[in-house]
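Positions are given from 1, in the same order as the sequence printed here.
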Amino acid sequence: MDQTGLSFLEFDQVSFSWPSGVKVIDKCSFSIDKPGLWMLVGKNGSGKSTLFRLINGSIRPKSGKVFCYLKPSMVYQNPDHQLLMPTCKSEMMLSVPKTIPQSNIFDLIQSSLEKVDLGEMLDRPIHTLSGGQKQRLALAGAIVSNSNLLLLDEPTALLDTESQNSVLRTIKKLTTSPSDPMTAIWITHRLDELYFCDGAAIVRNGGVSNWNSGSKVFQELKSLAHR
């Protein structure tokens, strides 16, 4: 828990149904009480993306409570659906909080790019970036907006192995920073990614299992697949 004794994020008996009547989340309770990389796995339709929408407030629970004491930002599977401007600098400008003094904006943007290893890319056209660089630029946009909770919806699904590893390394760096560690929740279907996380859980039957080591969840899912 943080210094106030509160969890960073808590679901308390949360349920959610779509207007069609299909119940996706059913009396779900879990919490995250420290920074780190937390991974969620589950079958298509199990409710993983719905959990993210509940966390960022774009939908409300039908019952139960969601307590989120962090500022969330979404990072999607396809960065081309998220990046809107022609250059890295102009893209970052979109996310700078209005309260930042004009004289501090450049330093904030440069610092955010450096945190994701894109420090030399300020004026680079976005269309020239690799897939991994585009995802890291999306992460920089979250950082510059002053977010401290990253909601990553299969961020490596469309990337090659090298780009996948670059995004994983960046997230690990951000979540283990000695001065201001971030919290990241990462939805994945690539089970080998579980070995990078600080904790993993399975989304099924409308709920989230207890947090466990990535290796233990990996072995559990492999065992289920062979039954």
Side-chain angles (χ1 to χ4, degrees), residues 1-2 7-16 22-56 64 66 68 70 72 74-78 131-132 135-136 139 148-178 181-227:
M1 293 190 179
D2 69 4
S7 294
F8 290 167
L9 172 69
E10 183 177 358
F11 273 49
D12 182 14
Q13 292 290 300
V14 171
S15 295
F16 178 83
V22 175
K23 181 173 281 190
V24 186
I25 306 298
D26 186 21
K27 296 178 181 177
C28 174
S29 295
F30 72 94
S31 64
I32 292 175
D33 55 22
K34 61 182 179 180
L37 173 53
W38 307 89
M39 288 191 175
L40 296 175
V41 293
K43 295 179 179 178
N44 289 334
S46 61
K48 303 182 299 298
S49 296
T50 303
L51 287 174
F52 274 7
R53 292 175 185 157
L54 288 163
I55 292 169
N56 69 22
V66 177
C68 185
L70 302 175
M74 285 287 301
V75 177
Y76 297 96
Q77 185 179 108
N78 189 341
Q135 281 296 39
R136 286 187 278 134
L139 293 174
N148 50 11
L149 173 60
L150 299 171
L151 302 176
L152 303 140
D153 195 350
E154 295 190 65
T156 60
L158 303 180
L159 304 182
D160 59 32
T161 301
E162 181 180 350
S163 294
Q164 174 193 0
N165 290 335
S166 76
V167 173
L168 273 167
R169 286 195 302 269
T170 300
I171 291 295
K172 287 298 290 183
K173 183 171 75 169
L174 294 173
T175 56
T176 57
S177 166
M182 300 182 77
T183 303
I185 309 176
W186 178 310
I187 292 172
T188 185
H189 280 126
R190 289 180 165 175
L191 297 188
D192 56 311
E193 292 179 341
L194 291 171
Y195 286 100
F196 289 84
C197 71
D198 296 295
I202 302 172
V203 182
R204 58 188 170 197
N205 302 322
V208 175
S209 70
N210 292 332
W211 294 109
N212 229 315
S213 69
S215 58
K216 187 166 184 178
V217 171
F218 180 95
Q219 294 302 327
E220 180 180 350
L221 292 171
K222 283 292 188 183
S223 175
L224 290 172
H226 288 98
R227 286 182 183 176

Got a second to check how far [X]'s [atom1] is from [Y]'s [atom2], nearest 0.5 Å?
| X | Y | atom1 | atom2 | answer |
| --- | --- | --- | --- | --- |
| Phe8 | Ile32 | CZ | CD1 | 10.0 Å |
| Met74 | Leu152 | CE | CG | 8.0 Å |
| Asp26 | Ser15 | CG | OG | 4.5 Å |
| Lys216 | Leu221 | NZ | CG | 12.5 Å |
| Lys48 | Ile187 | NZ | CD1 | 6.0 Å |
| Tyr76 | Glu154 | OH | CD | 13.5 Å |

- Could you go step by step and tell me if Glu220 and Arg204 meet the salt bridge (charged side-chain N to carboxylate O under 4.0 Å, His left out) rule? CA-CA 13 Å; Glu220 180 180 350; Arg204 58 188 170 197; 3.1 Å; yes
Within-4.5 Å side-chain heavy-atom neighbours: [X] and [Y]:
| X | Y | answer |
| --- | --- | --- |
| Gln135 | Leu139 | no |
| Gln77 | Leu158 | yes |
| Asp192 | Gln164 | yes |
| Ile185 | Leu149 | yes |
| Val217 | Ile202 | yes |

What are the two closest non-hydrogen atoms of [X] and [Y], and how far apart are they?
| X | Y | result |
| --- | --- | --- |
| His189 | Gly42 | NE2-O, 3.2 Å |
| Val66 | Leu54 | CG1-O, 4.0 Å |
| Trp186 | Val167 | CH2-CG1, 4.0 Å |
| Thr175 | Pro35 | O-CB, 4.4 Å |
| Cys28 | Gly206 | CB-O, 3.7 Å |
| Val208 | Ala201 | CG1-CB, 3.6 Å |

Sidechain-backbone polar pair: [X] side chain, [Y] backbone, donor-acceptor under 3.5 Å:
| X | Y | result |
| --- | --- | --- |
| Ser163 | Leu159 | no |
| Lys172 | Phe196 | yes |
| Ser29 | Asp12 | no |
| Asp198 | Leu37 | yes |

| Side chains of Asp153 and Ser49: is there a donor and an acceptor less than 3.5 Å apart? |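 Yes, because at least one side-chain N or O of Asp153 sits under 3.5 Å from a partner of the opposite role on Ser49.
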message: Under a plain distance cut-off of 3.5 Å, with no hydrogens placed, do Thr156 and Glu193 share a side-chain donor-acceptor pair?
response: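 Yes - a donor-acceptor pair under 3.5 Å links their side chains.
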Which pairs pass ring-ring contact (aromatic ring centres under 6.0 Å, His included) with one or both residues in residues 23-48, sequence neighbours excluded?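 Qualifying pairs: Phe11-Phe30, Trp38-Trp211.
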Is it the case that over 12 heavy atoms from other parts of the model lie below 6.0 angstrom from the [atom1] atom of [X]?
| X | atom1 | result |
| --- | --- | --- |
| Asp160 | CG | yes |
| Lys173 | NZ | yes |
| Asn210 | CG | no |

_Show, in sequence, the C-alpha distance, side-chain angles and deciding distance for Leu40 and Thr188, and conclude whether the side-chain contact (heavy atoms from CB on, under 4.5 Å) test is met._
CA-CA 6 Å; Leu40 296 175; Thr188 185; over 6 Å; no
Working for side-chain contact (heavy atoms from CB on, under 4.5 Å), residues Asn148 and Thr183: CA-CA 6 Å; Asn148 50 11; Thr183 303; over 6 Å; no
Give the C-alpha distance, both sets of side-chain angles, the deciding distance and a yes or no for side-chain contact (heavy atoms from CB on, under 4.5 Å) between Ser177 and Met182.
CA-CA 8 Å; Ser177 166; Met182 300 182 77; over 6 Å; no
Exercise. Start with the C-alpha gap between Leu151 and Asn56, add the side-chain angles, then the distance that decides, and say whether side-chain contact (heavy atoms from CB on, under 4.5 Å) holds.
Key: CA-CA 9 Å; Leu151 302 176; Asn56 69 22; 4.1 Å; yes
